[in-house]
Structure formats: structure tokens, C-alpha cells
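Naming convention: chains lettered A, B, ... in sequence-line order (proteins, then strands); numbering from 1 in each chain.
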Amino acid sequence: MATQTSRGGDEFIKNLAKIYGFYTGGFLAFVILLAILEQVGVPNRILGYLFVFFTIVVYGVIGVLSRTAQVSEYYVAGRRVPAFYNGMATGADWMSAASFVGMAGTLFLLGYDGLAWVLGWTGGYVLVSVLVGPYLRKFGAYTVPDFMSFRFGGNFARFLAVIVLVACSFTYVTAQIYGTGIIASRFLGMPFEVAVFVGLAGILLCSMLGGMRAVTWTQIAQYIVLIVAYLTPIVILSTKNYGLPIPELTYGQAIADITAREGQMIKEGLATAANLKPHIQPWINYTPLNFFAIIFCMMVGTASLPHILMRYFTTPSVREARKSVAWSLFFIFLLYFSAPAYAAFSKLEVYTNIIGRSIEDIRPWMFTWGELGLIKVCGKDAASLQTVIDACKAVGTNVVRLQDFSINTDVIVLSTPEIAGLPYVISGLVAAGGLAAALSTADGLLLAIANALSHDIYYKMIDPNAPTVRRLMVARILLLMVAVAAAWTASTRPADILAMVGWAFSLAMAGNFPALVMGIWWKRATTAGAIAGIIGGFGIAIFYLVCTRYFPGYGVSYFGMSSLPSPAGTPLVDLAKAMAAPNAMETWVAASHPMASKVGWFGINNIAAGLIGMPVGFLLIYVVSLMGKEPSREMQAFVDSIRKPRGGTILQEKE
Amino acid sequence: MSQQTTAHQTSANDEAHWRKTTNLMWTHLGIWFFFGYVVHMFAPALNKIIILGFPLGFYMAAQGSLIAFVVQLFLFAKQQDKIDREFGVAEDD
């Protein structure tokens with residue numbers, strides 16, 4: 001496949017179906033080969049290595065063969081990626097470690113309430129297509145800040161857009177590298193801190209050499225690996241348990257079984273009404289307000305994330321850009337509408353095969369996760385049978401009750417094949433898929449950051465006469481520096497994946513959405529308005545985020561924040577008591593502090609900080625714009641022209 | 001968002017094109033709002049209806065709305081393209 005890529009002619013585009021068909025066949029053959037090796041008795045460790053190294057090498061080879069030194073190839077893959085394939089690449093770009101590894105785990109843990117993430121991460125594409133994406137494609141930018149700078153005249157708007165872009169992309173990429181680290185440390189048996197940098201090496205190989213072109217063709221390959229990996233275990237489980245290989249249909253039965261088992265567990269004393277959260281019942285983990293706030297922020301955040309919007313710059317036309325958004329959602333949908341099945345099957349296995357078993361019967365697979373601190377039984381890491389027996393003796397139980405068992409949400413997808421007793425080759429496959437998901441998203445994000453720094457800051461603001469070679473060299477060096485910084489941040493384990501990703505969406509939403517939408521849909525929006533809107537919206541969102549998480553005491557004392565309510569309506573923290581504690585408000589508060597992330601305005605969780613920032617942004621753009629003079633005739637003509645697909649891109653870059 | 005009177009002249013054709021595009025935008029935002037939010041506000045009630053083991057409220061959030069979004073986007077791409085062609089502002093094939 002790849003020799004074609006290096007020539008990069010129309011021949012290659014025409015043969016895409018054949019090339020990726022061949023690739024998919026090769027990948028399936030590889031999985032079957034490993035399945036045979038397992039039967040022959042090759043140890044699991046070796047299978048894990050083969051999976052990880054083979055897939056990373058393939059991505060690397062595609063990356064190397066797609067290397068390019070042409071500016072338009074580097075930034076927008078030459079604008080000739082067909083809608084269907086661009087959709088696949090966007091799917092891989094989009095589905096991160098949080099989606100692949102974390103989503104089903106979240107649904108497992110939260111039940112109905114976890115569906116807020118499923119809804120939020122799909123519905124946003126409607127906004128991308130209807131409000132923003134195709135118009136940006138018509139404009140013909142290389143980056144989102146390009147648009148801001150052109151529409152809102154000048155480098156100050158560009159600079160603000162770069163700040164927003166870097167803030168949300170860096171938060172997001174840190175989460176991806178963190179996910180890569182978890183997978184690599186489990187399947188390659190290396191320490192987490194080292195695994196983070198090994199994953200990083202794989203990411204860089206793909207995106208360093210060929211920019212958007214290399215990333216696009218690699219991401220399509222990664223999408224194929226990740227979707228095969230995601231669907232295989234649940235298709236097997238569905239067939240095994242319900243005789244029909246369509247998990248999206250059969251898991252209704254699993255849900256009914258879970259509900260029945262929940263009642264049974266309470267009756268048998270294996271769970272209490274207080275600690276059991278019924279799987280299908282809405283709003284027991286989030287208040288209804290926060291449930292809908294999360295949906296809204298994830299949706300609007302989707303339509304504001306620079307690394308996603310930039311994917312629609314690569315299609316041949318505006319029409320293809322719209323179709324491509326639809327294909328993107330289709331490919332994303334394939335995974336998301338399977339995630340609830342994953343969670344249900346996994347939960348049923350745990351409820352029937354772990355809860356209620358005697359301690360001596362604990363399956364050995366748990367210990368590999370217990371060693372990493374990701375599964376706890378009776379309050380202790382389940383590192384070995386003896387620690388579990390000792391821990392449970394201390395608690396005074398000899399069967400595993402619901403309250404004795406806790407599993408990290410990031411483990412669910414990776415361990416389901418083991419929980420259900422499937423061959424190890426399936427576990428290896430799932431790990432390879434998770435890695436593909438994390439790597440492809442990290443690629444896209446790093447590229448977005450590096451492009452913004454090299455194109456927007458270096459080329460547009462510092463040295464407009466820089467020759468092409470130097471611009472691309474700067475892009476690569478910056479990519480490396482950003483990547484290392486993100487890996488270092490990830491190795492310190494700043495927070496869990498879902499929270500980090502949620503913040504990234506909220507920041508993107510507050511900073512970008514009002515200016516993008518008003519810039520396209522309201523001709524009267526002025527430079528001053530946009531600048532006020534970005535600063536105000538983004539500023540208040542980041543203030544809310546930092547204040548509620550790290551300085552909750554100040555929030556309560558000076559900014560009128562109060563305790564967030566639990567879904568039952570009771571306050572999460574006793575404010576009077578918490579404020580009386582020593583150092584409650586003086587300085588930086590650790591994430592484990594009782595007040596961190598538990599106070600706020602209007603009962604809104606800080607994951608949804610964008611909900612506070614976005615309206616402020618819209619309001620400021622509206623009011624400040626009306627206070628000033630209306631935009632120039634040229635600017636209005638420009639807005640008219642991006643509204644019409646016909647006629648080439650507006651911004652023509654010199655090569 | 002209301003259109004201010006502008007010094008810049010927009011042709012009648014362009015204005016009609018944009019009016020139709022805007023209407024389509026609001027229609028799709030309406031559908032989006034319905035499947036993204038309104039349906040789920042009634043989740044507890046819908047959960048009493050069970051089909052193939054799926055409580056309906058749960059099903060709508062897990063799969064129903066997602067299917068609606070996907071269908072909606074393919075439909076939107078088609079409808080917007082039709083509007084663009086109607087006013088002669090579509091790209092050449």
C-alpha cells in the first residue's frame with residue numbers, strides 16, 4: 001500500500017479501497033496467526049509484544065512513506081482526502097483513550113448517567129456540520145486561528161485563538177498519553193513512567209515526518225484496528241450468551257438480567273440498597289442539571305475543538321466536507337452505540353462471576369490488574385491471593401460483596417475478555433485497539449498544537465518571510481517539544497482521563513464557539529466584539545475550572561460559590577466545617593481535598609465550566625460589536641463569500 | 001441573529017440562498033435539541049416501556065438518539081447541497 005503513498009498521485013486516491021481492503025485482510029490474518037500461536041503454546045507475554053510492536057511498526061511505516069515537505073500537504077494533506085476516508089480518519093482522531101478505554105468503563109460504573117458522555121460525544125457533529133465546519137473549509141485556512149485572524153482582522157485575535165487552542169489541546173493530549181501509558185505498562189510490563197515515553201515515540205514517528213498527510217493515512221489504518229478490536233470481544237460474547245452476533249440488539253437481555261441480578265444481590269445481602277446503583281435508573285450519579293450540562297458542553301465542545309475542525313480542511317470541496325462530517329459520525333457511532341453493550345456484558349459477568357464468589361475462587365487475571373493498583377478487593381490492591389484473603393479477613397467476609405470490590409473504570413474494556421474467559425489473543429487485540437485510539441488522537445492533537453505554533457505564531461507573527469523548509473523544521477521541533485512536555489505532565493498522573501478530557505472540551509467551547517459562530521452567522525460581529533468575547537468567555541471558564549479545583553476556599557469566601565448538590569439534593573461538602581479546617585482557603589488545594597471540585601455556581605460541576613463561559617462570550621460579542629462601527633465593506637463581502645460553496649478557497653497560501 | 005442593514009450590497013439571489021440556509025439550520029438545530037435533550041428529560045417515564053429487554057428511556061440515550069443524529073447529518077448534507085444547487089452557488093461536480 002505504502003509505495004503508492006510516497007508517489008501520492010491521483011492513482012493513490014483512486015486505489016484507496018483496494019489498499020485499505022488489503023490492509024484490513026492483512027491485519028485479520030495477523031490476528032489469526034497470533035491465535036494459532038497461542039494454541040501452540042506461545043506465552044501471553046510474547047503475544048502482547050507482537051501485537052503492540054507489529055501495529056506500531058505499521059503506523060510508523062505509513063508515516064515514513066507519507067512524509068512530505070510541501071506546505072499544503074503538510075498542513076491539509078493537499079485537500080484531496082475523500083469524504084468517506086476523511087470520516088474514518090476523523091473517527092480515529094476523535095476516539096481517544098477516553099472513548100475506547102474509558103467509555104464502557106464509565107457506563108459500567110455510572111449506568112444511565114454515563115450516557116451523557118455518549119450523547120455529548122456524538123450530537124456535537126450536528127453542530128459541526130450545520131454551524132461551522134463547511135464554512136471554515138470554504139475559507140481555506142490551515143488552522144482555526146487563521147480564520148479568527150482573517151475574520152477579526154489582525155494578529156491579536158490570532159494570538160488569542162492560539163492560546164485557546166493550546167490550552168484545550170494540551171489538556172486533551174496529556175489525557176491521551178496517560179492512556180497510552182496505562183496500556184503499554186500493562187501489556188509490555190514496564191513501569192508507567194517509562195511506558196508513557198515509549199508510547200510517545202510511536203506517536204512522534206507518525207506525525208513528525210509528514211504532518212497532516214501522514215497523520216491522515218495513518219489514522220485510517222488506526223481506525224480499522226480500533227474498530228475491529230472493539231467489536232470482536234462483544235460480538236463473541238453476544239454469540240456465546242445469546243446466540244446472535246449483534247451485541248447492539250442482544251444486550252437488552254443483558255440489561256434485563258442485570259436488573260434481575262441487582263434485586264437478587266440485595267436479597268442475598270451481597271449489596272445494600274445504599275451502595276447499589278441500578279444500571280438503568282437516571283440521575284443517581286449526576287443531578288439532572290449536570291447530566292444535561294455535560295451533554296451540552298461535550299456537544300458544543302466538539303464543534304469548537306481545533307483538531308477536529310481542522311480535519312474538514314482536508315476534503316476536496318465544501319460539499320465533501322459536509323458529507324465527511326456525516327461519515328465521521330457514522331464511524332464514531334459504530335463504536336459508541338456498542339459501548340453500552342460492552343458495559344452491560346461486562347457488568348453482568350462481574351455481578352455473576354465475581355460478586356458472591358468465595359475469596360479462594362478469585363480468578364488469577366485480577367492479580368495482574370491488582371498489581372497496578374487498578375482492582376481492589378476488600379479495600380486493598382488485589383496483588384495476590386494472599387493479600388486478598390488477609391484483607392477480607394480483616395473486613396470479616398469470605399465472599400466478595402459488591403462493596404468489597406472496586407475496579408478502575410479504565411480497566412473494564414481491557415479486562416472484559418479476561419473476565420469472560422476468552423483467549424488471550426482477544427486481550428492483545430483489545431490492547432492494540434486501545435493503543436491505536438490513543439495514538440491517533442494524540443497525533444491529531446500534537447499536530448494541531450505544532451501547526452498553531454509554527455504556522456500562526458512563527459510564520460504569521462514572527463517571520464512572514466521564513467522559507468518553507470524552515471517553517472516545517474520549526475513545526476517538527478515544536479511538535480517534539482510539546483510532545484515531551486505533555487508526556488512529562490502525563491507521567492505525573494494529574495487526574496483521571498475523563499475529567500481531563502471534559503475540561504479540554506469546556507475550554508474549547510468557551511474560547512472558540514461564540515467567535516466562530518458569530519463570525520460566520522452574524523456579519524455585524526466586529527474585531528473588538530470577538531476579542532472581548534474570547535477573553536471574557538475563555539477567561540471565566542478557566543477561572544471557574546482553576547478556582548473550583550485548586551482554590552475552592554477563595555471561591556466560597558469571595559466569589560459566592562456554594563457546595564454542589566448530590567443527586568439526592570444534599571450538599572456534597574459541609575461548607576462550614578470545610579472552611580473551618582486549617583488551610584482551607586489559603587493556597588493550592590490538593591485534588592484529594594474534600595472541597596476540591598465540589599463547590600461552584602448554580603450547582604454546575606467544573607467539567608461543564610464551558611456552560612458558564614460560553615454565554616458570557618456570546619453576550620460580550622453581541623454587546624461590544626453593537627457599540628462599535630460595523631465591519632468594513634470588504635469584511636462583509638468576505639462573510640458573504642464563505643457562505644457560498646462556489647468559487648475557490650478564499651485564503652490562498654503561497655507554497 | 002438578526003441581520004443588520006449593511007452598506008455592502010448582497011444580491012437578491014444570495015439573500016434568498018442564505019435565508020433558506022438559515023431556515024435549514026434552525027430546523028436541524030430543532031431536531032438536534034429534541035433528540036439531544038427533550039427526549040431524555042422524560043427518561044424515567046420512558047423507562048417503564050420495555051422493548052426486547054431495553055427500557056425505552058435508556059435505549060433512546062444509548063442508541064436511539066445516536067441513530068437519529070447519523071441519519072440527520074446525511075440528510076442535512078443532501079438538503080444543503082440541494083439548496084446550493086437551486087441558487088447556483090454549488091461547486092462544480
Side-chain angles (χ1 to χ4, degrees), chain A residues 107 112 115-116 118-120 122-123 125-127 129-131 134 248-257 259 279-283 288 291-292 295-296 299 317-319 322-323 325-326 329-330 333 336-337 339-340 518 521-524 630 632-637 640 643-647, chain B residues 1-11 14 17-18 21-22 24-29 31-33 35-37 40-41 43-44 47 50-55 57-63 65-78 80-81 84 87-93:
Chain A
L107 291 172
Y112 180 92
L115 296 172
V118 174
L119 283 168
T122 50
Y125 279 87
V126 175
L127 302 181
S129 194
V130 174
L131 292 177
E248 295 82 5
L249 281 179
T250 57
Y251 84 92
Q253 195 51 50
I255 285 180
D257 292 347
T259 306
H279 194 66
I280 59 163
Q281 193 178 314
W283 312 318
F291 179 81
F292 288 105
I295 297 178
F296 188 73
M299 284 183 176
S317 66
V318 176
R319 183 186 301 129
R322 279 191 214 105
K323 273 193 214 155
V325 181
L329 184 60
F330 173 76
F333 159 85
Y336 282 8
F337 103 131
M518 299 285 257
W521 292 85
W522 196 43
K523 281 193 213 169
R524 187 66 177 75
E630 73 174 0
S632 69
R633 191 182 277 254
E634 290 75 34
M635 183 51 64
Q636 301 197 24
D640 272 334
R643 292 173 173 186
K644 286 178 288 190
R646 183 184 279 281
Chain B
M1 274 155 264
S2 68
Q3 204 74 38
Q4 300 290 313
T5 48
T6 56
H8 162 73
Q9 289 305 307
T10 315
S11 78
D14 286 358
H17 168 256
W18 191 245
T21 301
T22 309
L24 188 69
M25 181 266 279
W26 286 116
T27 309
H28 278 279
L29 287 189
I31 301 172
W32 167 79
F33 185 73
F35 283 106
Y37 305 88
H40 311 301
M41 290 172 188
N47 267 349
I50 292 175
I51 301 164
L52 285 175
F54 292 103
F58 186 94
Y59 184 82
M60 281 314 293
Q63 283 170 298
S65 289
L66 275 61
I67 295 171
F69 293 144
V70 173
V71 172
Q72 180 188 358
L73 274 182
F74 279 102
L75 195 70
F76 170 75
K78 220 175 169 173
Q80 181 68 55
D81 192 41
D84 291 344
F87 292 93
V89 296
E91 293 145 304
D92 301 324
D93 287 293

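Counting only heavy atoms from C-beta outward, the side chains of B/Phe87 and A/Lys644 never approach each other to under 4.5 Å. A 4.5 Å side-chain heavy-atom check between B/Leu52 and A/Gln253 finds every atom pair outside the cut-off. The closest side-chain heavy-atom distance from A/Tyr125 to B/Val70 is not below 4.5 Å.
Using cut-offs of 30° and 60° for the angle between ring planes, the A/Phe330 and B/Phe74 rings count as perpendicular.
Remark: B/Gln80 CD to A/Arg319 CZ distance equals 11.5 Å, nearest 0.5 Å. Taking CZ of B/Phe69 as the reference point, atom CG of A/Leu127 lies at 9.0 Å (rounded to 0.5 Å). Atom OG1 of residue A/Thr122 and atom CG of residue B/Leu66 lie 4.0 Å apart, to the nearest 0.5 angstrom. Here the straight-line distance linking atom NE2 of B/His28 with atom CG of A/Leu131 works out to 11.5 Å at 0.5 Å rounding. Taken from CD in A/Gln281 to CZ in B/Phe58, the straight-line distance is 12.5 Å, to the nearest 0.5 Å. Interatomic distance, OH of B/Tyr59 versus CZ of A/Phe337, reported as 7.5 Å (0.5 Å rounding).
Taking all atoms of both residues into account, the shortest heavy-atom contact from A/Gly123 to B/Trp32 is O-NE1, 3.2 Å. Here the closest heavy-atom approach between residue B/Ala61 and residue A/Leu115 is recorded as CB-CD1, 3.5 Å. Heavy atoms only, all atoms of each residue included: B/Gly88 and A/Arg646 are closest at O-NE, 3.1 Å. For B/Phe54 against A/Gly252, the heavy-atom pair with the smallest separation is CZ-N, 3.2 Å. Nearest heavy-atom pair across B/Asp84 and A/Arg322 is OD2-NH2, 3.2 Å. In this structure, B/Tyr37 and A/Met299 approach most closely via the heavy-atom pair OH-SD, 3.3 Å.
Contact count against chain A (heavy-atom pairs under 4.5 Å) is highest for B/Gly53 among B/Gly57, B/Gly53, B/Ala68. Each of A/Ile255, A/Leu119, A/Val318 has some count of heavy-atom pairs under 4.5 Å with chain B, and the biggest count is that of A/Leu119. Of all the listed residues (A/Pro340, A/Ala256, A/Ser129), the one sharing the greatest number of non-hydrogen pairs under 4.5 Å with chain B is A/Ser129. Chain A forms the most heavy-atom pairs under 4.5 Å with one residue out of B/Gly36, B/Ala90, B/Ala77, and that residue is B/Ala90. With chain A as the partner, the residue from B/Ile31, B/Thr21, B/Asp14 showing the most heavy-atom pairs under 4.5 Å is B/Asp14.
For B/Pro55, the part lying near chain A is the side chain, with the backbone staying farther off; criterion is any non-hydrogen pair under 4.5 Å. Looking at B/Asn47, the atoms closer than 4.5 Å to chain A (heavy atoms on both sides) all sit in the side chain, from C-beta outward.
Under the rule for a side chain to side chain donor-acceptor pair (under 3.5 Å), the partners of A/Thr250 that lie at least two apart in sequence or sit in another chain are A/Ser238. B/Ser65 meets the side chain to side chain donor-acceptor pair (under 3.5 Å) test with B/His40; sequence neighbours excluded.
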